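This report concerns only the one structure given below.
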Amino acid sequence: MPEHVSMFQLVGLPVLALVTAICVVGLGRLRRRHRFEASARRHHETLRAMPEQRRSGPATESVELTPEERAAFAGLVRRFSDSRRP
């Protein structure tokens, strides 16, 4: 240990580096939290800005199927459900 350097000077640099590191980590967390809250706020505000949706939709349409069409549709449903099973 050099004789012309005080104990405060020797300890000061590591303490200053530690405080700087703590500040950098704290500011990083603060910015990340603020960015998340800001994006959530922006997302929420854009949803509120959307026009109100219509309550009633168009009239539903229906078509009567022939027995052959019903059988073909049932076959398609069975084939798709069989392919999804492991």
Side-chain angles (χ1 to χ4, degrees):
M1 180 167 105
E3 293 180 16
H4 63 279
V5 178
S6 72
M7 185 64 126
F8 292 116
Q9 288 175 331
L10 287 176
V11 175
L13 186 61
V15 169
L16 184 62
L18 180 65
V19 169
T20 302
I22 290 172
C23 286
V24 166
V25 169
L27 287 174
R29 288 184 178 186
L30 186 65
R31 285 189 66 206
R32 193 174 332 141
R33 183 180 307 136
H34 177 69
R35 184 174 47 209
F36 174 73
E37 290 172 356
S39 68
R41 199 175 326 123
R42 271 196 311 268
H43 180 67
H44 185 65
E45 288 172 359
T46 57
L47 291 179
R48 283 190 295 156
M50 290 177 61
E52 191 170 326
Q53 301 295 314
R54 293 187 306 178
R55 297 287 181 205
S56 62
T60 57
E61 298 178 9
S62 63
V63 177
E64 289 295 321
L65 298 177
T66 63
E68 296 83 20
E69 290 171 332
R70 286 180 192 254
F73 182 73
L76 281 174
V77 170
R78 274 194 301 273
R79 186 169 31 161
F80 288 143
S81 65
D82 289 341
S83 68
R84 296 183 101 194
R85 291 184 185 157

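Note that these values count all heavy atoms, side chains included, but never hydrogens, waters or copies made by symmetry. Just so you know, these numbers come straight off a predicted model, no measurement behind them.
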Inset, instruction - With the side chain counted from C-beta on, respond yes when R70 and E64 share a heavy-atom pair under 4.5 Å apart, and no when they do not. - result: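 SC-SC contact between R70 and E64 confirmed.
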Legend entry - Member of V19, V24, L18, T20 meeting the side chain to side chain contact (heavy atoms under 4.5 Å, CB included) criterion with I22: L18
Inset, instruction - Can you see which heavy atom on H4 is nearest to which on Q9, and at what distance? - result: O-OE1, 4.3 Å
